[in-house]
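What follows is one structure encoded as structure tokens, with my remarks underneath.
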Amino acid sequence: MNPTTTDCCAIPGQKLLSVEQGRERILQAVHAVTAIEHLHLRAALGRILATPVVSTIDVPPFANSAMDGYAVRSQDCTDVVQADLSVVGSSFAGAPFAGEITAGQCIRIMTGAVMPDGADTVIMQERVEPNADRITFVTKDAVAGRHVRYAGEDTRCGDTVLEPGIKLGATETSLLASVGVSEVSVTRRLRIAFFSTGDELVSIGTALAAGQIYDSNRYALHGMLAKPTIECYDLGVIPDQRAAVREAFQQSAEIADLILTSGGVSVGEADYVTETLGELGEINFWRMAMKPGKPLAFGQLDNAVFFGLPGNPVSAMVTFYQFVLPAIRKMSGETQRDPLLVPARCAVDLKKAPGRMEFQRGILQREKDGSLSVSTTGMQGSHLLTSMSRANCFIHLPEESAGARVGDWVSVQPFLDLH
Ligand code: AMP
Ligand code: MG
């Protein structure tokens, strides 16, 4: 990594680093943790699978009925109009019929029950006329294979059911349960330490004195980091003093794979984050071609990856979602995916000057005709947290864009994509 002073994107007046370039550099520099844990399925929910899972059984394990009805032999149903069969037993889910059915016979069968030997089709009970121990039905209902679920139709023995890198959600854990897997290998949790820097910051629970504000960024970070793949360490508020910042970094580097700070990465007089880290580790300071969130420090401190996020609350969140989240996904061993961007029509004019990519906070909604439209949450200052709280998406406006007019198409990233 280049030291601060040699990176062109760090120098005021020089070119800015594009969001895409920044993300590429970051993703090249970070690596997945290699340590693995073996967990029971329940404990593995939300974690990232580390090794492939291969099924050792067929699912379903046996041919069974998809309906409540009667299992019959289609070759017995060749009469022009009606079949008339003798009911010789029953097969319930978990209680199969012992034996084989032969010419002129059928059995009562329930959904999920084993298809008896000899039978190849199921007649729905609604299509049957029962009469003592016999049934009659229209022969054209007896199509071979109808309402039968075959062994291995869902998963075959030997199939890879899940690949490494997948996040284990409810669907994945139930799929694993269906093949009888009770334990899986997942990557270990990422250890992430974070703190806020700023002499003006006060933790909630204390009254504000003159010039002070509440530290909200640690709550944004705590919320954005609350995931099964992450173990968080909140180091509190660190004052704008060289020694204090230095100590906080050393302490974080001892426990964390990833260190996040907010504030102190501008070029103000009390901004010690970049400077101190330049001394202790390898630090890049970039001026990003984005709004909000121009300054970003990124680097390495001992074995930990470091991100110094800007202090303004919206800048900190936008920067987290655009850069830190992809890095966390990679470090957790999760398969990378591109952001989910959906096209929507502007319901209002969007103001923007060319030069920096903007992440305006938007409200995406479905119009009566089914199309998607987006409006902004109003004032877009990077200090206005309400511009985030009213939003349900980011409107991505590219560097060269000079704004958009009502009816123009824009790309929108729903907040649903940011988990
Ligand atoms: P800085 O990046 O330290 O220059 O801070 C930029 C702006 O963000 C200033 O107005 C700070 O007061 C504000 N700020 C910095 N850290 C926080 C925080 N943790 N919570 C809320 N606002 C903050
Ligand atoms: Mg500050």
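Just the heavy atoms: all of them, side chains too, but no hydrogens, waters or symmetry mates, feed the values below. Whatever order the structure lists ligands and atoms in, that order sets their numbers, starting from 1.
Protein heavy atom at the shortest distance from atom 11 (C) of ligand 1 is Glu200 OE2, 3.0 Å. When only non-hydrogen protein atoms are considered, atom 17 (C) of ligand 1 lies nearest to Asn217 ND2, 3.3 Å. Atom 6 (C) of ligand 1 has its closest protein heavy atom at Asn312 N, 3.8 Å. Gly311 CA, 3.8 Å is the protein heavy atom nearest to atom 5 (O) of ligand 1.
Atom numbering of ligand 1 starts at 1 in the shown order; those under 4.0 Å from a heavy atom of Ser262 are 19 (N). Contact atoms of ligand 1 toward Ser216: 20 (N), 21 (C) (distance under 4.0 Å to a heavy atom of the residue). Listed by atom number, the atoms of ligand 1 under 4.0 Å from Gly264 heavy atoms are 1 (P), 2 (O), 3 (O). Annotation for ligand 1: atoms under 4.0 Å from non-hydrogen atoms of Tyr214 are 20 (N), 21 (C).
Checked against a 3.5 angstrom limit, the closest N/O atoms of Asp215 and ligand 1 fall inside it.
A salt bridge links Glu279 and Arg246; the closest N-O separation between the charged side-chain nitrogens and carboxylate oxygens is under 4.0 Å. Using a 4.0 Å cut-off between charged side-chain N and carboxylate O, Asp215 and Arg218 make a salt bridge. A salt bridge is defined here as a Lys NZ or Arg NE, NH1 or NH2 lying under 4.0 Å from an Asp or Glu carboxylate O, and Asp338 with Arg23 fails to meet this definition.
Contacts of Val237 with ligand 1, taken as heavy-atom pairs under 4.0 Å, are absent altogether. The side chain of Ser196, and not its backbone, has at least one atom closer than 4.0 Å to an atom of ligand 1 (non-hydrogen atoms only; side chain from C-beta on).
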